[in-house]
Enquirer: 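Take a look at the following structure, please.
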2 protein chains.
Amino acid sequence: MLESKPTPVVGIGLDSCVIPIRHGGLFLVQSTAFFYPLVDDPYVMGKIACANVLSDVYAMGAVEVDNMLMLLSTSNKMTEKERDTIMPLILQGFKDCAEEAGTAVQGGQTVINPWLIVGGVATSVCTQNEIIIPENAIVGDVLVLTKPLGTQVAVNAHQWLENPDRWNRIKSVISEDDVRKAYQRAMNSMARLNKIGASLMHKYNAHACTDVTGFGLLGHAQNLAKHQKHDVSFVIHNLPIIAKMATISKACGNAFGLLQGTSSETSGGLLVVLPREQAAAYCKDIQAQEGYQAWIIGVVEKGGRTAKIIEKPRIIEVPAKDTEGELW
Amino acid sequence: MLESKPTPVVGIGLDSCVIPIRHGGLFLVQSTAFFYPLVDDPYVMGKIACANVLSDVYAMGAVEVDNMLMLLSTSNKMTEKERDTIMPLILQGFKDCAEEAGTAVQGGQTVINPWLIVGGVATSVCTQNEIIIPENAIVGDVLVLTKPLGTQVAVNAHQWLENPDRWNRIKSVISEDDVRKAYQRAMNSMARLNKIGASLMHKYNAHACTDVTGFGLLGHAQNLAKHQKHDVSFVIHNLPIIAKMATISKACGNAFGLLQGTSSETSGGLLVVLPREQAAAYCKDIQAQEGYQAWIIGVVEKGGRTAKIIEKPRIIEVPAKDTEGELW
């Protein structure tokens with residue numbers, strides 16, 4: 001749909017673009033995304049939007065972000081008081097997350113619209129060795145995932161607490177308390193930066209990476225597989241999922257596609273292709289630096305640049321609290 | 001509202017940001033803007049949005065744009081047929097305009113929303129001498145404007161042709177034909193790139209520049225004045241306005257603020273501060289290269305970093321057709 005000039009190193013098939021620029025053999029890495037509110041805490045929503053915008057740049061291995069722009073639309077259906085309460089919190093969350101990432105928001109635009117929108121643009125100008133072109137997976141590599149799946153299910157289940165019709169359908173399989181815990185875990189996960197995971201890709205010689213967002217684990221794995229230089233395919237054996245979310249998904253007749261890998265994630269983890277002998281150390285290093293688990297979820301086999309989940313994948317129930325610290 | 005790190009050379013008081021980056025003494029120049037449709041031709045609307053996004057970068061003297069992102073929202077109130085007809089035309093207009101500017105659209109996002117939105121991001125990575133920091137106006141300089149004012153009035157008047165209540169209020173002062181001509185002239189003007197005007201700023205030693213958009217001529221002049229290093233003020237004597245638009249504005253009780261310089265413009269011209277002895281040559285060069293007139297509209301005096309329009313400015317009626325060629 002969108003054409004290229006000069007030829008980008010990475011096209012828009014992946015969520016960010018990597019473009020050679022005129023000066024000093026440098027590359028421009030950019031990503032943009034915007035979102036409608038999906039959590040009820042405006043400050044956290046700002047953080048999530050920022051983390052997700054940055055995530056596409058991190059997936060390319062670029063960890064130094066030179067600038068962020070913020071795109072906001074206030075809703076014309078909010079009262080003045082609602083607007084003056086909510087918008088500054090979203091803005092603050094976005095800014096704080098950018099600061100945590102070592103960058104800053106310098107520019108943007110705010111408009112008025114029926115729906116509230118929050119999004120942005122991340123830009124990094126990099127040398128070639130700061131970027132990992134995601135195309136070098138080889139047979140024998142393994143797949144690592146750095147955040148659990150199930151954010152969409154958790155966010156929806158939490159909304160259903162206010163909707164008796166919906167809640168009645170799942171209340172026999174999950175308690176209100178478990179829904180709240182899963183929702184907290186999802187918010188925490190979505191607001192967490194993929195920066196350390198990206199930075200460690202260089203240390204452990206990653207061969208390719210994508211982040212997991214709107215197309216779900218399988219969608220992004222397939223897209224990444226398509227971009228590989230070698231005749232490989234990705235086979236996923238394990239699905240780390242926020243505790244109880246697989247149960248809810250089943251109770252809803254798999255409407256989310258969570259176990260099929262097609263459930264949308266917001267600000268999901270990195271799916272990293274690593275040499276088998278480095279993968280465990282990569283996961284351990286993330287755990288040491290961030291207090292969060294990462295998981296080896298699959299292998300790279302010979303194949304036709306496709307990705308699949310095996311018929312009965314192992315579900316790893318990720319406890320609502322799998323970290324020592326708290327993000328906020 | 002938005003804070004800076006590292007300190008940008010130009011903050012968001014002006015519509016684009018100029019930020020020193022880590023590599024090679026280079027600067028990142030970025031701007032973003034988005035719009036709701038204001039003309040009834042989707043292809044031209046795409047061009048206008050692109051020209052306006054680029055305009056903020058051009059105002060900094062940067063003429064080589066490394067990348068553009070496009071941000072689109074389709075409206076959920078359009079039928080599938082409307083969407084499939086309109087959106088590709090907007091996209092094509094935007095892309096064609098980017099190509100005309102010597103750059104390309106590589107990345108972006110499309111969402112669904114009640115209102116159609118079209119916008120984007122322009123990014124240029126520049127050496128210092130490619131940028132004109134807009135702060136060096138000195139007493140004796142003159143102000144040049146490169147496009148006529150009155151786009152908002154023309155667009156509104158054209159809409160009123162379909163609205164008998166509104167049309168009855170102005171039909172005694174303007175013919176339907178003149179409204180259509182003014183509207184064509186406005187579309188042509190809004191879709192025109194400010195690239196040549198920007199490029200010639202280097203040749204003729206411009207001291208400062210801004211583009212004229214949402215805050216109108218006076219708003220942007222005041223903003224530019226505020227950023228000057230020296231004790232100067234801008235005094236505007238002449239208002240070049242698309243033919244008959246001043247008449248309409250008066251007939252509407254100055255509701256637009258056109259003669260006060262506060263009428264919004266979309267993708268307006270550059271307001272350039274030039275040495276007096278270079279200004280005429282600058283205008284002549286634009287005319288020679290583009291076939292469009294530019295106007296000396298004011299002077300730089302000693303003052304307190306403010307801008308004003310004199311009490312009875314001279315209205316320059318810009319004919320609907322002041323060019324040999326056609327933009328499309």
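Being a predicted model, the structure only gives us computed values, none of them experimental. Residue numbers start from 1 in every chain, and the chains themselves are labelled A, B, ... in the order their sequence lines are given, proteins ahead of strands.
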Enquirer: Give the member of A/Ile21, A/Leu69, A/Leu28, A/Asn113 that has the highest number of heavy-atom pairs under 4.5 Å with chain B.
Expert: A/Asn113
Enquirer: Is B/Gln92 close to chain A through its backbone or its side chain, or both, or neither, when contacts mean heavy atoms under 4.5 Å?
Expert: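 Contact with chain A is absent: no heavy atom of B/Gln92 under 4.5 Å.
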Enquirer: Going through the checks in order, is the side chain to side chain contact (heavy atoms under 4.5 Å, CB included) test met by A/Val111 and B/Phe35?
Expert: CA-CA 9 Å; A/Val111 296; B/Phe35 310 92; over 6 Å; no
Enquirer: For B/Ser124, check side chain to side chain contact (heavy atoms under 4.5 Å, CB included) against everything at least two apart and list the hits.
Expert: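 B/Ser124 satisfies side chain to side chain contact (heavy atoms under 4.5 Å, CB included) with A/Arg22, B/Val29, B/Val57, B/Ala62, B/Asp66, B/Cys126 once adjacent residues are dropped.
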Enquirer: Of the non-hydrogen atoms in A/Trp115 and B/Ile112, which two are nearest, and what is the gap between them?
Expert: CZ3-O, 3.4 Å
Enquirer: Taking the side chain as everything from C-beta on, heavy atoms only, tell me whether B/Leu71 gets closer than 4.5 Å to A/Thr32.
Expert: yes
Enquirer: Just by distance, do the side chain of B/Gln109 and the backbone of A/Phe34 share a donor-acceptor pair under 3.5 Å?
Expert: yes
Enquirer: Look at atom CD of B/Glu82 and say whether more than 12 heavy atoms of other residues, nucleotides or ligands are closer to it than 6.0 Å.
Expert: yes
Enquirer: Check each atom of B/Val121 against the heavy atoms of chain A and say whether the ones under 4.5 Å are side chain, backbone, both or neither.
Expert: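 Contact with chain A is through the side chain of B/Val121 alone.
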Enquirer: Any luck finding a side-chain donor-acceptor pair between A/Glu64 and B/His23 under 3.5 Å?
Expert: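 Per modelled atom types, A/Glu64 and B/His23 side chains form no pair under 3.5 Å.
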Enquirer: Write down the atom of B/Cys17, the atom of A/Asn67, and the distance for their closest heavy-atom approach.
Expert: SG-ND2, 3.4 Å
